[in-house]
Every structure is written in C-alpha cells, then in structure tokens.
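Here's the structure, in structure tokens; my notes come after.
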Amino acid sequence: MKVILLENVKRIGSIGEVIDVKRGFARNFLIANKKALYASKENIKEVEKIKADLSKKDNERKQEATNIAEQINNKEYSVQKLSTENNELYGSVKPTEISKLIQEENKVEIKPSMIQPVEEIKSLGKFKVRISLHSEVDAEIVVNVTSADTIQ
C-alpha cells in the first residue's frame, strides 16, 4: 500500500515521501497515528503544498525532544521490587513503570511506547534503557532495580 509520510519516521522515510508499506502497518500505525495519508493524487498535491509547514512542525518537535533528552540523558532512576533469594524479580519492570518514574522525578511526559529496554528487566541490578524521543533524537537512562524485600 502506498502512503505519503506527514512526519519523519525512523527507518521508514521522511516528510512528503511516498512509500510502499504493508496494509496493516499503514492502517494500524501510520494512518492511525496521523503519521501518513493514503497516496492519492489529491493527497500528494495537498502534502506538497503543506510540506514546508510540516517540516517546521517536525523541527519544533525535534527541538522539544532535544530539550527533554538533555534533561534525562544518562540519569539514573531507582525502582524497588520484590525479589527472590536468587535476585530474580517477581514479574518485571515494564515501560509504563519507567515512564511513571521519569514523570515523577523530572516532570517530563514520556509515552511507554518510546521506551526500549536493551534487555528485559527481570532481576536486580542496573539496566540501560533507550528512549526514542524523535526519529533523530534518542536518550539513554539507567534503571537501578533494588530489592524491596526478599520473599522465600
């Protein structure tokens, strides 16, 4: 399915580009999140007209993402979880929890979908977590998982 991108999308393309993607990806992600339009002749003409405005908005989003990255990059966030004697957690630390930690500490709104742990956080220790703030801006934080209490 051919679509026109309304913003820069990492590993997909840039603003105004007509790309061919799978129907489900187009319908469920790109179009649903207003990142793309169906590639009809009318839409192509419309996007050409507003391309400069879209680029300006994307640069504003990029600047905002850069400011957030400066605030949280290389910071360490601590979370306490119940663990076994083997230092394994009951459950795991999810992106929603990490998002809430950042919100509480830095007053910065980060969607859980932006958070990409390098590895699953299922034990005690320090873990690197990458946060994709914009298609061109990433931040990296450290999540320090400590034991709240040991259950046998």
Inset, instruction - Among residues two or more places apart or on two chains, list those pairs meeting side chain to side chain donor-acceptor pair (under 3.5 Å) that have a residue in residues 98-120. - result: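 Every pair satisfying side chain to side chain donor-acceptor pair (under 3.5 Å) with a residue in residues 98-120: Y77-N106.
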To the nearest 0.5 Å, tell me how far [X] [atom1] sits from [Y] [atom2].
X	Y	atom1	atom2	answer
I4	K45	CD1	NZ	12.0 Å
S135	D58	OG	CG	6.0 Å
R130	D138	CZ	CG	5.5 Å
I131	I98	CD1	CD1	7.5 Å
E48	E46	CD	CD	11.0 Å
S147	N87	OG	CG	7.5 Å

Going hydrophobic residue to hydrophobic residue with side-chain gaps under 4.5 angstrom, can you get from [X] over to [Y]?
X	Y	value
L37	I15	yes
V9	L6	no
I44	Y38	no
I31	L54	no
V79	L82	no

Inset, instruction - Could you tell me whether the side chains of S92 and K94 share a donor-acceptor contact shorter than 3.5 Å? - result: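 Indeed, the side chains of S92 and K94 share at least one donor-acceptor pair under 3.5 Å.
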Legend entry - Student check: side-chain heavy atoms of H134 and E64 closer than 4.5 Å: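 Answer no - side chains too far apart.
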Legend entry - Test item: K2 and D20 side chains (from C-beta on) under 4.5 Å apart, heavy atoms: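 Yes, close enough: below the 4.5 Å cut-off.
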Inset, instruction - Please check if the side chain of N73 supplies one atom and the backbone of A69 the other of a donor-acceptor pair under 3.5 Å. - result: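 Looks like no, no N/O pair under 3.5 Å.
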Taking all atoms of both residues into account, what is the closest heavy-atom pair of [X] and [Y], and its distance?
X	Y	result
P112	T96	CG-CG2, 3.7 Å
V47	G16	CG1-CA, 3.8 Å
I121	L89	O-CD1, 3.9 Å

Legend entry - side chain to side chain contact (heavy atoms under 4.5 Å, CB included), paired with S14, selected from I19, N8, L5: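 Output: one option passes, namely N8.
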Legend entry - Qualifying residue, where the test is side chain to side chain contact (heavy atoms under 4.5 Å, CB included) with I110 and the options are L101, I115, I141: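 Looking at L101, I115, I141, the match for I110 under the side chain to side chain contact (heavy atoms under 4.5 Å, CB included) is I115.
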Inset, instruction - Before accepting this row, confirm whether a basic side-chain N of the pair E7/K57 lies closer than 4.0 Å to the acidic partner's carboxylate O. - result: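 Salt bridge between E7 and K57, a charged N being under 4.0 Å from a carboxylate O: no.
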Inset, instruction - If a pair satisfies ring pair (Phe, Tyr, Trp, His ring centres under 6.0 Å) and one of its residues is in residues 6-33, list it, with sequence neighbours excluded. - result: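 Residue pairs passing ring pair (Phe, Tyr, Trp, His ring centres under 6.0 Å), neighbours aside: F25-F29.
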